[in-house]
Amino acid sequence: MEIQVSTELTELIPNFKVGVIEYSNITVGESPQMLKGRLQLFQESIFFELEEKNVTDLPGIQEWRNVFKRTGKDPNRYRHSAEALFRRVKKQNYFASGQSAVDLYNFFSLQYQVPIGLYDRDLLEEPVEIRIGRAGEEYIGLNGRSNSLERLILTSDANGPFGSPFVDSERSAVTTATKNALQIIYLRPSTDMENAKKLTESLMNMFVQIHGGEAFYRILGNS
């Protein structure tokens with residue numbers, strides 16, 4: 001797919017970068033027991049870790065809160081999706097959707113402390129741009145609400161915004177009918193290029209191991 005990061009965004013956030021993965025011919029279904037088990041154990045270990053600290057003490061969480069501040073969005077009102085996951089775990093409100101794609105990107109979002117989006121590529125229309133939301137832009141999110149996108153980092157296609165590190169839209173959601181997908185890893189700006197590639201490739205390989213198909217990745221943004 002043709003995907004670009006806006007100049008406005010890269011000028012505002014030094015070293016802004018995303019990992020982009022395109023998947024083809026995948027099979028999304030129920031999570032394998034291995035993934036369910038690892039996700040449960042990982043959440044339990046995070047819960048005990050967070051007994052001694054606040055979610056905002058975690059470096060990845062804090063770094064993305066600062067990104068929201070830089071774009072002009074209050075991170076206390078608009079918590080990025082990784083922070084929202086950690087806050088659930090801290091309350092022992094563990095999650096397990098049962099759907100393999102969702103469980104996997106939640107697992108990696110917790111592991112790397114970064115927001116991650118996954119979209120049905122067949123529901124998107126090129127070109128795709130990662131940019132800052134404009135006044136009046138909104139969509140119905142996976143949280144079931146209409147979400148204002150003004151001053152949020154978002155991903156849009158020819159039909160408008162469909163994703164954000166805050167919450168993704170309903171219209172591009174991955175389901176068991178999805179065969180081709182686009183994944184956006186909102187990397188920490190402090191991550192160097194070598195580690196950005198390793199992180200993105202690791203996620204891609206695990207995804208293909210579970211869902212089959214083929215995939216390739218690239219890093220977009222400032223190095």
Quiz item: Once the angle between the rings of Phe107 and Phe42 is folded into 0 to 90°, is it parallel (under 30°), tilted (30 to 60°) or perpendicular (over 60°)?
Solution: tilted
Exercise. Please check if any side-chain donor atom of Asp103 sits under 3.5 Å from a side-chain acceptor atom of Asn106, or the reverse.
Key: no
Practice problem: Please step through side chain to side chain contact (heavy atoms under 4.5 Å, CB included) for the pair Lys53 and Leu58, ending with a clear verdict. | Solution: CA-CA 8 Å; Lys53 62 177 67 172; Leu58 300 171; 4.0 Å; yes
Quiz item: Ignoring hydrogens and geometry, is there a side-chain-to-backbone donor-acceptor pair from Asn147 to Arg145 under 3.5 Å?
Solution: yes
Quiz prompt | Polar side-chain atom of Gln99 near backbone of Ser31 as donor-acceptor pair, under 3.5 Å | solution = no
Quiz prompt | Cluster link Phe216 to Leu220, ILVMFWY, side chain under 4.5 Å | solution = no
Exercise. State, yes or no, whether a side-chain contact exists between Lys17 and Pro189 at a heavy-atom distance under 4.5 Å.
Key: no
Quiz item: Is any NZ, NE, NH1 or NH2 atom of the basic residue among Glu51 and Lys90 found under 4.0 Å from an Asp or Glu carboxylate oxygen of the other?
Solution: no
Self-check item: Minimum heavy-atom distance Ala196-Ile219, with the two atoms named
Solution: O-CD1, 3.8 Å
Exercise. Report the C-alpha distance between Thr178 and Leu123 in whole Å, list the side-chain angles of each, state the deciding distance to 0.1 Å, and finish with yes or no for side chain to side chain contact (heavy atoms under 4.5 Å, CB included).
Key: CA-CA 9 Å; Thr178 299; Leu123 301 177; over 6 Å; no
Self-check item: Leu152 to Ser164 - nearest heavy-atom pair and separation
Solution: CD1-OG, 4.1 Å
Quiz prompt | Val5 reachable from Met1 in the ILVMFWY side-chain graph, under 4.5 Å edges | solution = yes
Quiz item: Is the side chain of Lys179 donor-acceptor paired with the backbone N or O of Ser24 at a distance under 3.5 Å, no angle test?
Solution: no
Quiz item: Quick one: which of Tyr105, Tyr23, Phe162 gives a ring-ring contact (aromatic ring centres under 6.0 Å, His included) with Tyr119?
Solution: Phe162
Quiz item: Quick one: does Glu170's side chain get under 4.5 Å of Tyr139's, heavy atoms only?
Solution: no
Quiz item: Taking the side chain from Asn54 and the backbone from Thr56, do they hold a donor-acceptor pair closer than 3.5 Å?
Solution: no
Quiz item: What pair of heavy atoms forms the shortest contact from Gly212 to Ile26, and how long is it?
Solution: O-CG2, 3.6 Å
Quiz item: Would Leu110 and Gln43 count as a side chain to side chain contact (heavy atoms under 4.5 Å, CB included) if you check the C-alpha gap in whole Å, the side-chain angles of each, and the deciding distance to 0.1 Å?
Solution: CA-CA 8 Å; Leu110 288 171; Gln43 290 180 93; 4.0 Å; yes
Self-check item: Between NZ on residue Lys73 and CZ on residue Phe166, distance to nearest 0.5 Å
Solution: 8.5 Å
Quiz item: Does the side chain of Glu214 pick up a donor-acceptor pair with the side chain of Asn25 at under 3.5 Å?
Solution: yes
Quiz item: Are side-chain heavy atoms of Asn180 and Asp120 found at a separation under 4.5 Å?
Solution: no
Exercise. With salt bridge (charged side-chain N to carboxylate O under 4.0 Å, His left out) as the test, would you mind laying out the steps for Arg121 and Asp157 before giving the verdict?
Key: CA-CA 11 Å; Arg121 209 167 78 229; Asp157 68 354; over 6 Å; no
Quiz item: Glu30 versus Ser100: any side-chain heavy-atom pair under 4.5 Å?
Solution: no
Self-check item: Any side-chain heavy-atom pair of Ile21 and Phe207 under 4.5 Å
Solution: no
Quiz item: For Lys197, does the NZ atom sit with more than 12 other heavy atoms under 6.0 Å from it, leaving out its own atoms?
Solution: no
Self-check item: Worked verdict on Glu83 versus Arg65 for salt bridge (charged side-chain N to carboxylate O under 4.0 Å, His left out)
Solution: CA-CA 9 Å; Glu83 180 177 347; Arg65 284 175 65 87; 3.0 Å; yes
Self-check item: From CD1 (Ile3) to CD1 (Ile184), nearest 0.5 Å
Solution: 5.0 Å
Quiz item: Can you find a pair of side-chain heavy atoms, one from Pro59 and one from Arg188, that are under 4.5 Å apart?
Solution: yes
Quiz item: How about Phe95 and Leu39: do any of their side-chain heavy atoms sit closer than 4.5 Å?
Solution: yes
Quiz item: Who passes side-chain contact (heavy atoms from CB on, under 4.5 Å) against Asn205, sequence neighbours left out?
Solution: Glu201
Practice problem: Taking all non-hydrogen atoms of both residues into account, name the closest pair between Glu150 and Gly136 and its distance. | Solution: OE1-N, 4.4 Å
Quiz item: Just checking, is any N or O donor in the side chain of Asn15 or Asn222 under 3.5 Å from an acceptor N or O on the other one?
Solution: no
Exercise. Taking all non-hydrogen atoms of both residues into account, name the closest pair between Pro161 and Arg131 and its distance.
Key: CG-NH2, 4.1 Å
Quiz item: Hey, do the aromatic rings of Tyr78 and Phe68 have their centres closer than 6.0 Å?
Solution: no
Exercise. Could you tell me whether a side-chain N or O of Glu52 sits under 3.5 Å from a main-chain N or O of Glu49, the two making a donor and an acceptor?
Key: no
Quiz item: Using a distance-only test with no angle check, is there a side-chain donor-acceptor pair under 3.5 angstrom linking Ser172 and Ser169?
Solution: yes
Self-check item: Contacts of Glu8 that satisfy side-chain contact (heavy atoms from CB on, under 4.5 Å) - sequence neighbours left out
Solution: Ser6, Ile132, Arg151
Quiz item: Are Pro14 and Arg70 close enough that some pair of their side-chain heavy atoms sits under 4.5 Å apart?
Solution: yes
Quiz prompt | Nearest-0.5 Å distance that lies between atom CD1 in Ile130 and atom CZ in Phe16 | solution = 5.5 Å
Quiz item: OH/Tyr217 to CG/Leu199 distance, rounded to the nearest 0.5 angstrom?
Solution: 10.5 Å
Quiz item: Which distance, rounded to the nearest 0.5 Å, do you find between the CG of Asp168 and the OG1 of Thr155?
Solution: 8.0 Å
Quiz item: Counting only heavy atoms not in Arg218, do more than 12 sit closer than 6.0 Å to its CZ atom?
Solution: yes
Quiz item: Judged by atom type as modelled, is there a donor-acceptor pair below 3.5 Å linking the side chain of Gln113 to the main-chain atoms of Gly60?
Solution: yes
Practice problem: Show the numbers, then the answer: is there a side chain to side chain contact (heavy atoms under 4.5 Å, CB included) between Val20 and Leu182? | Solution: CA-CA 7 Å; Val20 175; Leu182 171 68; 3.7 Å; yes
Quiz prompt | Whether Trp64 side chain and Tyr186 backbone form a donor-acceptor pair below 3.5 Å | solution = yes
Quiz item: If you group Ile, Leu, Val, Met, Phe, Trp and Tyr by side-chain heavy-atom gaps below 4.5 Å, do Met206 and Leu187 land in one group?
Solution: yes
Quiz item: side-chain contact (heavy atoms from CB on, under 4.5 Å) with Glu2: which residues, sequence neighbours excluded?
Solution: Gln4, Glu126, Pro127
Practice problem: Look up atom OG in Ser146 and atom CD in Glu138, then write down how far apart they are to the nearest 0.5 Å. | Solution: 3.5 Å
Quiz item: Donor-acceptor pair, Ser109 side chain versus Val114 backbone, under 3.5 Å?
Solution: yes
Quiz item: Same cluster or not: are Met193 and Ile13 linked, directly or through other Ile, Leu, Val, Met, Phe, Trp or Tyr residues, by side-chain heavy atoms under 4.5 angstrom apart?
Solution: yes
Quiz item: What pair of heavy atoms forms the shortest contact from Ala101 to Val174, and how long is it?
Solution: CB-CG1, 4.1 Å
Quiz item: In terms of hydrophobic clustering (I, L, V, M, F, W, Y; side-chain heavy atoms under 4.5 Å; direct or indirect links), are Ile210 and Leu41 co-clustered?
Solution: no
